[in-house]
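Worksheet for the structure shown next.
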Amino acid sequence: MIYLDNAATSLPKPKSVEQAVVRSLRYYAGYNRGGHASAMQAAEAVFACRQEAAEFFNVPGPEYVVFCQNATHALNIAIFGLMPEKGRVIISGYEHNAVLRPVAACKNGYTAVKTPLFDKEAVVSGFEKELQKGDVGLVVCTMVSNVFGFALPAKEIGALCEKYGVPYVVDASQAAGALPVDAEKLKADAVCLPGHKGLLGPSGTGLLLLSGKNLPRPLLF
């Protein structure tokens, strides 16, 4: 089989992923639902995954790694959880529907920074112009466009957000597993990513990585 859709969902999965899924189905009981051997094995596996993710993506510790269903789930938690009472949302002109639909539902509105294709300097300049207006409550930006493959200047935008004191959410869906994703260098409050694309994991998995600077309110209680 020739498969050319890895940017949507990776296939085939590595043998190690298949083996890990089978092992969990055979030997792991409910995580955090008991103190017997199978439950403890599940807890240890989950904690080990949190630790590895925290180290790999450079977040403060395993407690800042949140497991989600996918990147859309993580983005909804981050966007609605970090949305202030006042202020617009600023996004790039390259966002996925997983960002566009939540920000379209935000009561204070949003602005997409429109720039020429593949012009990183224009993207940085466009974000700064919006931030200088002083009415921005949240910035959301993708690292890589899922349509054009354009790698946006996410680090530079993060530096601007830090300068102007605005929370920053990064969609790393197309970057994770293909490009370095360092939450600290991105200056992001939240980094959202799926497990099923470049990380080669199963569908139905995702991560919300938090810096600890501004913690989002829960989406589900």
Side-chain angles (χ1 to χ4, degrees), residues 6-7 10 14 16-17 20 31 43-83 90-92 94-96 98-99 120 123-124 127 131 138-146 149-202 205-219:
N6 281 290
S10 57
S16 58
V17 173
Y31 164 59
E44 288 166 3
V46 169
F47 186 70
C49 186
R50 287 186 192 277
Q51 282 186 310
E52 289 192 27
E55 293 173 8
F56 189 72
F57 296 110
N58 196 19
V59 295
E63 65 271 30
Y64 295 98
V65 176
V66 181
F67 293 120
C68 298
Q69 295 172 359
N70 45 42
T72 300
H73 183 198
L75 284 162
N76 272 264
I77 295 172
I79 292 169
F80 288 113
L82 291 169
M83 179 59 55
I90 303 300
I91 65 174
S92 79
Y94 301 90
E95 300 305 319
H96 188 275
V99 169
K120 293 186 178 184
V123 173
V124 175
F127 271 91
L131 286 163
L138 180 68
V139 170
V140 187
C141 185
T142 186
M143 285 189 71
V144 180
S145 166
N146 69 305
F150 174 37
L152 280 77
K155 291 180 184 177
E156 290 83 350
I157 294 167
L160 288 174
C161 291
E162 185 176 54
K163 175 182 174 181
Y164 289 94
V166 175
Y168 180 41
V169 176
V170 173
D171 179 1
S173 294
Q174 299 298 341
L179 298 174
V181 177
D182 186 313
E184 173 60 31
K185 290 182 179 178
L186 287 167
K187 304 297 182 185
D189 294 88
V191 178
C192 306
L193 52 98
H196 66 92
K197 296 187 180 185
L199 296 181
L200 307 178
T205 59
L207 293 176
L208 170 60
L209 308 169
L210 302 172
S211 70
K213 293 182 293 184
N214 294 296
L215 295 176
R217 297 176 295 278
L219 189 65

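Because the structure is a prediction, the values reported are computed rather than measured. Residue numbers start at 1 and run along the sequence shown.
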From [X] atom [atom1] to [Y] atom [atom2], the distance as rounded to the nearest 0.5 Å:
X	Y	atom1	atom2	answer
C161	K187	SG	NZ	12.0 Å
E63	F47	CD	CZ	8.0 Å
E162	I157	CD	CD1	14.0 Å
L219	I77	CG	CD1	5.5 Å
F67	T205	CZ	OG1	9.5 Å
R50	E55	CZ	CD	14.5 Å

Looking only at non-hydrogen atoms, find the nearest pair between [X] and [Y] and report the distance.
X	Y	answer
L82	L215	CD2-C, 4.1 Å
L207	A53	CD1-CB, 4.1 Å
V59	V65	CG2-CG2, 4.0 Å
D189	P167	OD1-CA, 3.2 Å
A54	P62	CB-N, 3.8 Å
A71	L193	CB-C, 3.8 Å

Mark yes or no for whether [X], through its side chain, and [Y], through its backbone, hold a donor-acceptor pair below 3.5 Å.
X	Y	value
R217	M83	yes
S10	H196	yes
Q174	A7	yes
Y168	L160	no

Determine, stepwise, if the pair L75 / H96 fulfils side-chain contact (heavy atoms from CB on, under 4.5 Å). CA-CA 11 Å; L75 284 162; H96 188 275; over 6 Å; no

Should the heavy atoms of other residues, nucleotides or ligands under 6.0 Å from CZ of F56 be counted, would the total exceed 12?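 Atom CZ in F56 is not packed in, count stays at 12 or less.
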
When you look at NZ of K213, are more than 12 heavy atoms from neighbouring residues, nucleotides or ligands closer to it than 6.0 Å?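 Yes, enclosed.
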
L199 side chain near P194 side chain, heavy-atom distance below 4.5 Å: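 Answer no - side chains too far apart.
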
pair L131-K163: side-chain heavy atoms closer than 4.5 Å: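 No. Closest side-chain heavy atoms not under 4.5 Å.
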
Apply side-chain contact (heavy atoms from CB on, under 4.5 Å) to the pair E95 and S145, showing each step before the final yes or no. CA-CA 7 Å; E95 300 305 319; S145 166; over 6 Å; no

Assess whether side-chain contact (heavy atoms from CB on, under 4.5 Å) is satisfied between V99 and T142, documenting all intermediate values. CA-CA 9 Å; V99 169; T142 186; over 6 Å; no

Criterion side-chain contact (heavy atoms from CB on, under 4.5 Å) on V181 and V170, from CA distance to verdict: CA-CA 10 Å; V181 177; V170 173; over 6 Å; no

Knowing that exactly one of I91, L152, I90 qualifies, which makes a side chain to side chain contact (heavy atoms under 4.5 Å, CB included) with F127?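 Output: one option passes, namely I90.
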
